[in-house]
Amino acid sequence: MYTTPEGKDIFIVDGHTHFWDGSPENQANIHGKQFIECFYAYHTALSPQEQLWEKAKFEKYSADDLYRDLFIDGPDDVAIVQSTYLLDFYKNGFNTIERNATVAERFPERFIVNGSFDPRDGEKALEYIHYMKETYDIQGVKMYTAEWNGASRGWRLNDPDAYKCFELCDKLGIRNIHVHKGPTIIPLSKDAFDVHDVDYAATDFQNLNWVIEHCGLPRLDDFCWIAVQETNVYGGLAVALPFIHSRPRYFAEMIAELLFWVGEDNILFGSDYAIWTPQWLVEKFWAFELPEDVKQERGVDLTPEIKEKILGLNAARLYGIDIEAKKKALAQSPISIAAE
Amino acid sequence: MTTAKPRSRLEGRVWQALDNVMDPELDEPITELGFVEAVAVSEEGIASVQFRLPTYWCAPNFAFLMAEGIRNEALSVPGVGEVRINLCDHLLAEEMNTGLSQGRGFAEIFGAVSGGGNLEEVRETFERKAFKRRQEVLLRALIAAGSDAKAIATMTLGAFDRLDFADPDARHQKPRYRQLLTKRGLAGRPQDLAFRTFDANPLPQDALDDYLDELRRVRINMEFNGSLCRGLAKTRYKEVDLSRDEPTLIDFMLDRVPPPEPQPDRSAP
């Protein structure tokens with residue numbers, strides 16, 4: 001819960017968090033080393049000075065760190081923890097669903113664990129979706145279209161194998177498809193940043209919610225154009241939000257574009273923990289106001305009501321979180337004190 | 001060392017030529033972005049250029065376009081007969097460096113590593129964005145100065161050339177816009193329209209605001225990427241020192257540290 005300076009309680013759903021192991025012991029090769037180093041560069045490039053971590057902690061933090069940073073020192077009420085396998089880079093994977101599930105089990109009520117699959121695995125991918133639903137009752141998945149797999153250097157959401165997987169997701173009630181359309185991860189053949197495949201998939205799967213993480217950056221221009229045409233396309237603010245500190249003017253222009261094109265009901269907060277921690281992001285976001293000229297030019301505003309939607313209400317709707325019931329459950333949970 | 005002076009002058013010219021190589025995604029010179037780390041020209045006229053991108057994962061298609069630009073620009077300098085490019089610490093550094101040293105073309109190497117990727121398509125996509133970015137600055141400057149949609153849409157290249165912008169960004173973009181305009185064959189003679197869409201259509205006089213909306217999206221995206229890339233380039237290899245704000249080894253390696261202040265002579269009594 002985030003309590004505003006005016007004393008209002010804001011329910012926070014952190015739409016994008018990780019519990020990874022990028023330590024040298026787990027790195028399988030140079031790619032694993034470079035991958036976590038790139039994350040660390042994001043962390044150091046965009047965090048306020050007083051929020052910086054030492055590299056060793058960044059590479060591998062504990063479940064207690066995660067819990068404390070999100071829920072005790074941080075304002076999150078619920079966090080969606082995404083799964084990212086990267087088995088070609090990390091011996092035990094980067095943050096697999098098993099690893100995420102252990103932390104979710106330890107801190108009940110706090111985490112929503114999302115799965116992941118790779119449509120290029122064919123039948124195995126379909127089996128794996130069944131397995132994740134049965135074992136972890138997942139409501140969502142995280143997709144990496146730019147991930148390597150054997151000789152393949154990426155895939156598209158509208159590939160036939162992918163459609164088979166999404167049909168199954170629809171059937172099993174796995175409704176929230178988070179798609180990494182953002183920087184850093186192995187963009188190779190053609191233009192793996194490209195967001196146009198979202199357009200096809202969102203049109204063909206109206207029952208599914210397509211959460212485009214990082215808002216398609218670095219293709220924000222294309223993403224906005226697609227999102228305006230599809231009501232089931234959402235933009236996740238991870239990576240975009242930290243600019244609120246280092247480049248507030250860019251952030252203002254960007255969030256104004258998103259409000260104009262994507263809309264206030266379709267934007268989701270995400271810290272991308274552990275790249276950034278949620279406390280400072282939420283504080284700055286709550287305090288942030290659009291400059292007058294940006295408001296005028298775009299005809300949008302970032303009111304407290306809209307901020308509240310972005311910080312939690314929108315994601316709660318997607319994940320069926322009953323906010324009042326959740327507040328009660330959290331109030332009764334002894335763990336928030338025990339982990340102190 | 002009689003060769004030292006002319007050699008370094010030649011190197012200076014190569015550096016200057018590299019100012020013309022843009023990061024396709026950001027439309028800014030790779031020299032200003034700090035991507036070029038070293039330039040050396042041997043007595044035989046072999047230019048060696050070392051460059052490094054903000055991350056190991058930077059899109060290889062851009063890396064290839066930049067490397068190709070480096071080679072072409074360096075070769076345009078009189079006295080340079082051969083160019084050797086060294087891309088450092090990148091996912092595809094080995095493939096690119098080896099491929100180039102074997103005399104294979106960029107398109108061939110890129111096609112092989114990307115499973116048939118086409119550099120021309122990428123080049124076209126980003127030239128379109130660069131065109132829009134440059135044009136937007138000029139259109140907004142003209143509107144701010146009181147021009148209406150009709151005046152802008154019907155302005156000739158001759159009139160454009162006589163414009164004198166006060167806004168520094170517009171001054172900067174004016175020749176860059178003109179260069180793309182003529183390169184693309186969109187205008188050339190003084191009576192040609194100065195402003196067209198990238199697809200050679202006249203600007204929509206009745207819907208100029210919508211057109212500007214589209215250009216704005218492109219600009220915001222580019223600025224965002226530029227800011228991100230600069231931030232990442234700056235922090236690459238830099239470990240956080242939580243105790244104090246002094247330069248680390250990497251700062252010295254990258255020449256980011258100003259020369260030390262003259263120290264007082266401690267040996268004096």
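By convention in this document, chain letters (A, B, ...) are assigned in the order of the sequence lines, proteins followed by strands, and residues within each chain are numbered from 1. Remember, predicted model here, so these are calculated numbers, not experimental data.
The minimum heavy-atom distance linking B:Ser227 with A:Tyr250 is given by the pair CB-CE1, 3.5 Å. Shown here for A:Leu220 and B:Asn221, the closest heavy-atom pair between the two residues is N-OD1, 2.8 Å.
Note: B:Trp57 and A:Tyr42 fail the aromatic proximity criterion, with ring centroids not under 6.0 Å apart.
Of the two parts of A:Glu253, the backbone and the side chain both hold a non-hydrogen atom closer than 4.5 Å to a non-hydrogen atom of chain B.
Annotation for B:Asp206: atom CG does not count as buried by contact number, only 12 or fewer foreign heavy atoms lying within 6.0 Å. Counting non-hydrogen atoms of neighbouring residues, nucleotides and ligands closer than 6.0 angstrom, the NZ atom of A:Lys57 exceeds 12 such neighbours. Within 6.0 Å of the CD atom in A:Glu289, the count of heavy atoms belonging to other residues, nucleotides or ligands does not exceed 12. B:Arg184 CZ: more than 12 foreign heavy atoms inside a 6.0 Å radius. Annotation for B:Phe198: atom CZ counts as buried by contact number, over 12 foreign heavy atoms lying within 6.0 Å. Atom CD of B:Glu94 sits in a sparse spot, with 12 or fewer heavy atoms from other residues, nucleotides or ligands closer than 6.0 Å.
A distance of 11.5 Å separates CZ of A:Phe223 from CZ of B:Arg217, quoted to the nearest 0.5 Å. With values rounded to the nearest 0.5 angstrom, B:Leu91 atom CG is found 6.0 Å from A:His31 atom NE2. Atom CD1 of B:Ile220 and atom CE of A:Met254 lie 9.0 Å apart (nearest 0.5 Å).
B:Glu223 has no carboxylate O lying under 4.0 Å from a charged side-chain N of A:Arg249, or vice versa, which leaves the two without a salt bridge. Between A:Glu297 and B:Arg216 there is a salt bridge, since a side-chain N of the basic residue sits under 4.0 Å from a carboxylate O of the acidic one. Between B:Asp213 and A:Arg298, at least one side-chain nitrogen of the basic residue sits less than 4.0 Å from a carboxylate oxygen of the acidic one, meeting the salt-bridge criterion. Classification of A:Asp221 and B:Lys129 as a salt-bridged pair holds, one side-chain N sitting under 4.0 Å from a carboxylate O.
Contact annotation: the side chain of B:Leu228 never approaches that of A:Leu217 to less than 4.5 Å [non-hydrogen atoms, C-beta and beyond].
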Item checked: Derivation of the salt bridge (charged side-chain N to carboxylate O under 4.0 Å, His left out) call for B:Arg219 and A:Glu257 -> CA-CA 11 Å; B:Arg219 165 178 47 93; A:Glu257 287 300 298; over 6 Å; no
